[in-house]
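The sequence lines fix the lettering, A, B, ..., with proteins before strands; numbering per chain opens at 1.
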Amino acid sequence: MAVDLTLDVLTVAPALLGAHVRVHGVTLLLTEVEAYAGTDDPAAHAYRGWRPRTRHLFEPPGTLYCYRSYGIHICANVVCGPAGSGSAVLLRAGRVVDGLEFARSRRPGVPDARLARGPGCLGQALALTLDDSGRRFGQGGLELLPAAEPAVATVSGPRVGVSVAARRPWRFWLPGEPSVSAYRASPRLREITSVLGDPHAG
DNA sequence: GCTTTGATAGACT
DNA sequence: GTCTATCAAAGCA
């Protein structure tokens with residue numbers, strides 16, 4: 001049962017848990033994702049509309065959108081939702097199920113369970129670069145394979161490192177997976193929190 | 001032009 | 001638990 005990427009991002013995101021992503025010789029089972037609802041979502045890169053950097057977000061569902069974070073990391077998103085909505089699912093973490101040798105060589109000294117723990121690590125394990133942004137799943141060796149069966153259970157919570165709309169529980173993960181990254185509030189949110197109180201409450 | 005800011009990760013106390 | 005390297009874009013003047 002393939003995931004219909006044209007559905008709402010909040011439907012697509014949890015449906016991608018357990019799915020496989022294959023690129024650059026490594027296959028990853030997705031264990032953690034976050035939903036970003038395009039121009040409706042203050043935390044999304046697409047919120048302020050089309051920009052040169054975010055152009056691939058506005059391409060058809062099934063497009064890969066990669067961006068550079070904090071100077072050194074490459075994070076990957078799957079564009080989804082209605083065409084042109086700018087919605088995407090951030091791939092935060094996964095478990096390497098094939099191509100372990102490649103992933104290990106790209107992240108020397110890292111235990112297998114942590115090869116793709118966190119969006120920056122995931123990009124590194126998959127050897128993603130900004131040149132991969134704009135590629136389409138299903139073409140040129142970039143594949144998105146649906147989960148063999150729907151996830152037994154999923155959990156949701158606030159998105160990591162997001163300083164706005166922090167109350168939207170749009171992070172989804174598979175409970176009990178060692179490859180799921182720990183929650184970290186945005187540095188900016190932490191400042192705000194210290195003054196206004198806990199934004200996770202309520 | 002110049003300043004601010006991250007959808008981070010790893011090192012450190 | 002806290003601190004920060006690092007750099008491309010965005011935002012502003």
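Judged by distance alone, with hydrogens and angles left aside, the side-chain atoms of A:D132 form a donor-acceptor pair with the main-chain N or O of A:T129 at under 3.5 Å. No side-chain donor-acceptor contact under 3.5 Å links A:S133 to the backbone of A:L130. For A:R159 (side chain) and A:A35 (main-chain N/O), a donor-acceptor pair under 3.5 Å exists by modelled atom type.
Judged by distance alone, the side chains of A:H20 and A:D98 never bring a donor and an acceptor atom under 3.5 Å apart.
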Side-chain donor-acceptor distances from residues 112-124 of chain A under 3.5 Å, at least two apart:
residue	atom	partner	partner atom	Å
A:D112	OD1	A:R104	NE	2.9
A:D112	OD2	A:R104	NH2	2.7
A:R117	NE	A:V180	O	3.2
A:Q124	OE1	A:R107	NE	3.4
A:Q124	NE2	A:R106	O	3.3

Just to be sure I follow the notation: if a pair is Watson-Crick (purine N1 to pyrimidine N3 plus N6-O4 or O6-N4) or a G-U wobble (N1-O2 and O6-N3), each under 3.5 Å, what dot-bracket string does DNA chain B give, with | for pairs to another strand?
||||||.|||||.
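In this structure, A:E143 CD and A:R22 CZ are separated by 6.5 Å, a value rounded to the nearest 0.5 Å.
For the pair A:R51 and C:dG11, the criterion of a side-chain N or O lying under 4.0 Å from OP1 or OP2 is met.
Scanning all heavy atoms of the two residues, the minimum distance from A:L128 to A:A76 falls at CD1-CB, 3.6 Å.
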Which nucleotides of nucleotides 2-13 of chain B have their base under 4.0 Å from a protein heavy atom (B), which only their sugar-phosphate (S), and which neither (-), written as one string 5' to 3'?
----BBBBB---
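Distance A:I74 CD1 to C:dA9 P: 10 Å, rounded to the nearest Å.
A:R136 is listed as a side-chain neighbour of A:E59, based on a closest heavy-atom distance under 4.5 Å.
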